[in-house]
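What follows is a set of notes on a single structure, which appears directly below.
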Amino acid sequence: MPKLTFVGGIHPYDGKDLSKDKPIKAVLPKGELVYPVSQHIGAPAKPIVAKGDHVITGQKIAEAGGFVSAPIYATVSGTVKSIEPRRVVTGDMVNSIIIENDGKYDEVEYPAKIESVEGLDKKEIIRRVQEAGVVGMGGAGFPTHVKLSPKEPDKIEFCIANCAECEPYLTSDYRRMLEEPEKLVLGMKAMLALFDNAKGILAVEDNKPDCIQKLSDLVKDEPRIEVYALKTKYPQGAERQIIYACTGRAINSKMLPADAGCIVDNVDTIVAIYQAVYEQKPLMHRIVTVTGDAIADPRNFIVRIGTNYGELIEEAGGFKEQPEKIVSGGPMMGFALFGTDVPTTKTASALLCFTKDEVSMMAPSACINCGRCIDACPSRLVPRRLSVYSEKFDEERFLAENGMECVECGSCSFVCPAKRQLAQVIKSMRKIQLAKARAKAAPPPKKEEAPKAEEKKEAVKTEEAKEGKEEKKDE
Amino acid sequence: MNDQMNYQVSSNPHIRDKITTQGIMLLVIISLIPATVFGIFNFGLNAAILVIVTVASAVLAEYIMCKVLKKDVTIGDCSAALTGLLLALNLPPAAPWWIGVLGAFFAIVVVKMLFGGLGQNFMNPALGGRCFLILSFTTIMTNFAVPDVYTGATPLAAVKANGAYNVLDMVIGRTSGTIGETSMIAIVIGACFLILFDVITIRIPATYIITLVIFVTIFGGHGFDPTYISGHLAGGGLMLGAFYMATDYVTSPITRKGQYVYGVVLGLLTGIFRVFGPSAEGVSYAIIISNLLVPLIENMTLPKAFGKGGENA
């Protein structure tokens, strides 16, 4: 039964007016393009080109490094300049393929486009998604073909398109839904073709009535697809929260969405599924919102993956004021950048440039026990207590009071009147605990014959590993 | 390449709500204006002097303690001023000025700062200060006569002694009592302001008051007598205590369920003290005793997590 919302959450200033009325504009990269081999959760991709090779647009340049991995494609034509570590948004140096753009955009020939997935084998649909290198483009980067291969496909009852876009300032999904809603619906039909017992839900926050209208008109003759208007609240787009809002089912950290009969993918990912399945085109573009009060002309761009962030800022008119903070992703969960010389990856949803850093202006003071963090926590935890356990490294209590159920949405830090770094310390403690749990489990190396279910578990662990790496940088 | 520019880098989230500790304290102080102004008009100049002296002493005490303990001076968060104001509103209007000074210093130095300052005290500082004064200077602290204005005992004493009391006067506040407790209307106006601005919730005050009503109905000896019950509600420190002292963040449970439990405990203790105790009053002691139970209540009422049965609450 749809609840259309969840308990907890916050209502930050959404800043979407800056860019929501700017149509998606294509950006052509000028300089070199950088393709980190890890743009997804799981094993890094393996480069299959060498320095000096000529490549064309749509050519595979790195193959998947395992089942839980994704290939990477060239998004321009040109020459492979080198393969070397480059800085990515998280601050890490990641091995990357560098391609010098020849400006010709010679492109691979794709097979003829199909209009419907009818008659297409399920395995073939998943193969096309896998081959196209589609990963979760909302930020997590989990390989989509793994998500589409649950242990028991018959038990999937809901395919949820995460159209919430609950992060402030982001308007890329909004523009996509307004400008290319057909691709979203077709992508959803490809997903539904995999799950015979599933119903498709396009879950949109009710601050986007125009999208709701448009999508509702499109699916009125689709018996298996429905549009839900969710209550606008951060983090409505968090996986567990959107599943709860759409189905009334609640999963915890030990469960996967499939355990609640759900598959969740965000707008850009489903559009990528569409391109992979119907057009057999690899994932080469994504929509990036470039916005913030330091940007002269906030915009939504369709960007070739690998394009330098600095070029996107130039395309948006450059800085009208010197920014103090630059964030890749949303303001709640994005990464603060040291500099703008980093490439656009599959998971980069936005580039935010702020003239003021609210956080560094506010010094943390003593907790007054007001309870606002409890009211805000979508995981229904007591962040005030968990943060104390984290600071004192009281592992036993941290675990006993469900510290591992935190989804790291940052709502507690946002509402704290004493400006305490609640989410930050809890996150650090979670990383340590996840690392410990992994070390304890220390799985023996698996052979390729490993059954799918095993690999799935493996994938979750790798996901955690990835997060852990990111956190170390943050500290 | 313009790598490594001087941008601010920190862990997410990168935005914060506007609300601050200072803002919350100021809202509470503003909400106390009706009760304070009414008290001064009701009782005269000495009440005004007491309010000013007590607030100033509390702020000074915190300033001195911060210096002595070599901590950052925290008077800017306005919590000391609020403690001073709440203490002043709990003093008899005819008390000498040094009572305010002494009470404020005890509240801030002993109850608050020695336990680690804001957020660390286990007992409401204003009430701690008041109880210290009641035990030390009982005559001054229980003399509610104000020359040329009020002579007799407080209406709550009349309620207890089956004497005469006028409920309307009690609701408006034209009775004897401490500076800020007499006017139910003024306090409720302030409380509505706090609820409206999301500073407090109705959970603790409502369970507290309802529990007390049930208790006095059963044990008060008057059955369900609206006049008698109204006398209990409007009399003494109940309104000030329920909306301002019991809802003190630091000394009340942080969990929702715990707040209901806390309200019930408060109602029971107040009822016991008022009905069976030697004094007519019971609110202050009920609150500071309940403060001591807060860690226990909190531990017993931790919420269930999302996905583990807590997603609905």
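In this text the structure is predicted, and so the values were computed from the model without any measurement. Below, chains carry the letters A, B, ... as their sequence lines are ordered, and counting in each starts from 1.
Using a 4.0 Å cut-off between charged side-chain N and carboxylate O, A/Arg385 and B/Glu298 make a salt bridge. Ion pairing between B/Lys112 and B/Glu62 holds under the 4.0 Å rule for side-chain N and carboxylate O. Ionic pairing of A/Arg380 and B/Glu311 is not present here: no N-O contact between side-chain nitrogen and carboxylate oxygen is shorter than 4.0 angstrom. Between A/Lys356 and A/Glu358, no side-chain nitrogen of the basic residue sits less than 4.0 Å from a carboxylate oxygen of the acidic one, so the salt-bridge criterion is not met.
For the 3.5 Å distance criterion, the side chains of A/Lys30 and A/Asn308 fail to qualify, holding no donor opposite an acceptor. Checking A/Arg372 against B/Tyr249 by side-chain atom types alone, a donor-acceptor pair falls below 3.5 Å.
Looking at B/Leu302, only its side chain comes within 4.5 Å of chain A, counting heavy atoms on both sides. In this structure, chain B has a heavy atom under 4.5 Å from the side chain of A/Pro168, while its backbone stays farther away. Heavy atoms of B/Asp72 lying under 4.5 Å from chain A are absent altogether. Heavy-atom distances place both the backbone and the side chain of A/Glu324 under 4.5 Å from chain B. Looking at A/Ile251, the atoms closer than 4.5 Å to chain B (heavy atoms on both sides) all sit in the backbone: N, CA, C or O. Both the backbone and the side chain of A/Arg240 come within contact range of chain B, with heavy atoms under 4.5 Å apart. Using a 4.5 Å cut-off between heavy atoms, A/Ser413 touches chain B through backbone and side chain atoms alike. For A/Pro331, the parts lying under 4.5 angstrom from a heavy atom of chain B are both the backbone and the side chain. Using a 4.5 Å cut-off between heavy atoms, A/Cys370 touches chain B through backbone and side chain atoms alike. Contact of B/Ile24 with chain A is made through the side chain alone, with heavy-atom distances under 4.5 Å.
Two rings, from B/Tyr7 and A/Phe338, have their centers 6.0 Å or more apart. Aromatic ring centroids of B/Phe243 and B/Tyr208 lie 6.0 Å or more apart. Aromatic pair A/Tyr244/A/Phe6: centroids not less than 6.0 angstrom apart.
Interface summary for chain B: among A/Ile326, A/Ile10, A/Leu381, A/Val382, the most heavy-atom pairs under 4.5 angstrom belong to A/Ile326. With chain B as partner, the option from A/Ala250, A/Gly334, A/Pro417 having the largest number of non-hydrogen pairs under 4.5 angstrom is A/Pro417. The greatest number of non-hydrogen atom pairs below 4.5 Å with chain B, out of A/Ile368, A/Asp357, A/Asp375, is found for A/Ile368. Put simply, of B/Thr255, B/Thr201, B/Leu118, the one with the most heavy-atom pairs under 4.5 Å next to chain A is B/Leu118. The candidate from A/Ala418, A/Ala366, A/Ser379 with the greatest count of non-hydrogen atom pairs under 4.5 Å with chain B is A/Ser379. In terms of heavy-atom pairs under 4.5 angstrom with chain B, the leader among A/Val359, A/Val415, A/Leu352 is A/Val359. Per-residue counts of heavy-atom pairs under 4.5 Å with chain B were compared for A/Lys254, A/Gln241, A/His11; the largest is that of A/Gln241.
B/Met25 CE to B/Asp77 CG: the interatomic distance, rounded to the nearest 0.5 Å, is 6.0 Å.
Applying the 6.0 Å contact sphere to NZ of B/Lys308 captures more than 12 heavy atoms from other residues, nucleotides or ligands.
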